[in-house]
Amino acid sequence: SGMLNKQLEGHLWHVLDELPIVDVDTSLDTVCPCGGDGELVINLNRVSKYPKKGVHASKFPKRKEEGWWLILGNPHNGELLGLRRVNFQQKTTTKLLFDVPEEEGEYHYYLYFLSDSYIGLDQQYDIRFRAERLQTDQQEEEGEVEGSEEDQ
């Protein structure tokens with residue numbers, strides 16, 4: 001019985017050693033144009049080693065590779081803003097494009113990083129930005145013309 005426990009312990013440590021530990025790093029402009037496109041850049045870096053034999057799923061009938069979902073959502077109204085499936089072994093960089101709201105203001109979204117293979121490894125990140133109306137070149141020119149007429 002002691003030998004069996006040692007074998008199980010060894011197997012358990014092997015499985016734990018191959019569980020995915022992924023660092024997620026995001027970047028987004030702190031100010032985004034109202035009604036424009038937001039671009040959330042996501043860097044994924046696997047800290048643990050990639051399993052040579054795929055996901056540990058002893059009851060699954062065939063080899064299964066890890067898959068991941070990146071989901072951008074508004075927690076205040078339940079709106080789905082961006083969705084992307086990613087597969088990678090050690091590192092990857094990807095982007096999620098989303099529609100910036102038409103109204104100016106501070107916004108707080110969540111980025112969810114979800115495994116399609118493992119329960120309990122989900123991660124959640126705060127995404128904050130400000131939506132502002134940006135002056136276009138045409139509006140600036142009109143403002144200069146109007147300003148010069150008022151000066152006269």
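Any value given below was found using the heavy atoms of this structure, including those in side chains, with hydrogens, waters and symmetry copies removed.
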**Asked** Which heavy atom in G67 sits nearest to a heavy atom in S117, and how many Å separate them?
**Response** N-OG, 4.0 Å

**Fill in**
Output for pair (K95 NZ, D37 CG), nearest 0.5 Å, gives 12.0 Å

**Message:** Looking at E79, is its backbone amide N or carbonyl O close enough to the side chain of N77 to form a donor-acceptor pair, meaning the two atoms are under 3.5 Å apart?
**Reply:** yes

**Request:** Say whether, by atom type as modelled, one donor and one acceptor occur between the side chain of Q90 and the main chain of R46 under 3.5 angstrom.
**Result:** yes

**Message:** Are D23 and L44 packed together at the side-chain level, in the sense that at least one heavy-atom pair is separated by less than 4.5 angstrom?
**Reply:** no

**Item:** Least distance between heavy atoms, P33 atom then L134 atom
**Value:** CB-CD1, 3.5 Å

**Request:** Among L97, L96, V100, find the one that has a side chain to side chain contact (heavy atoms under 4.5 Å, CB included) with E39.
**Result:** L97

**Asked** Can you check whether V24 reaches N43 side chain to side chain, under 4.5 Å on heavy atoms?
**Response** no

**Asked** Looking at P20 and L121, what are the two nearest heavy atoms and their distance?
**Response** CG-CD1, 3.7 Å

**Asked** About how many Å separate CZ of F129 and CG of L28, when rounded to the nearest 0.5 Å?
**Response** 6.5 Å

**Prompt:** Hey, what do you get for CG (L70) to CD1 (I42), rounding to the nearest 0.5 Å?
**Reply:** 4.5 Å

**Request:** Give, for atom OG1 of T94 and atom CZ of R84, the distance between the pair rounded to the nearest 0.5 Å.
**Result:** 4.0 Å

**Message:** Measuring only between side-chain heavy atoms, which start at C-beta, is H11 closer than 4.5 Å to H56?
**Reply:** yes

**Request:** Look up atom CZ in F113 and atom OH in Y125, then write down how far apart they are to the nearest 0.5 Å.
**Result:** 7.5 Å

**I21 backbone acceptor or donor facing S48 side chain under 3.5 Å** = yes

**Request:** Indicate yes or no: does E103 engage R133 in a salt bridge with an N to O separation below 4.0 Å.
**Result:** no

**Prompt:** Is any side-chain heavy atom of Y112 less than 4.5 Å from a side-chain heavy atom of W69?
**Reply:** no

**Listed once per pair and sorted, the salt bridge (charged side-chain N to carboxylate O under 4.0 Å, His left out) pairs that draw on residues 108-131, sequence neighbours left out** = K64-D116, R85-D116, E106-R130, R130-E132

**side chain to side chain contact (heavy atoms under 4.5 Å, CB included) evaluation trace for K49 with D17** = CA-CA 8 Å; K49 64 184 178 187; D17 194 39; 2.9 Å; yes

**Asked** For V22, does its backbone N or O pair with a side-chain atom of Q123 as donor and acceptor, under 3.5 Å?
**Response** yes

**L72 side chain near F98 side chain, heavy-atom distance below 4.5 Å** = yes

**Fill in**
Distance col, row C34:SG vs D99:CG, nearest 0.5 angstrom, shows 12.5 Å

**Request:** Let me see the working for N45 and D25 under side chain to side chain contact (heavy atoms under 4.5 Å, CB included), right down to the final yes or no.
**Result:** CA-CA 8 Å; N45 180 23; D25 183 43; over 6 Å; no

**Message:** Ring-plane angle category for Y107 and Y109, please: parallel below 30°, perpendicular beyond 60°, tilted otherwise.
**Reply:** tilted

**Item:** Any side-chain heavy-atom pair of L111 and I71 under 4.5 Å
**Value:** no

**Prompt:** Is the shortest heavy-atom distance from the side chain of L19 to the side chain of Y118 under 4.5 Å?
**Reply:** yes

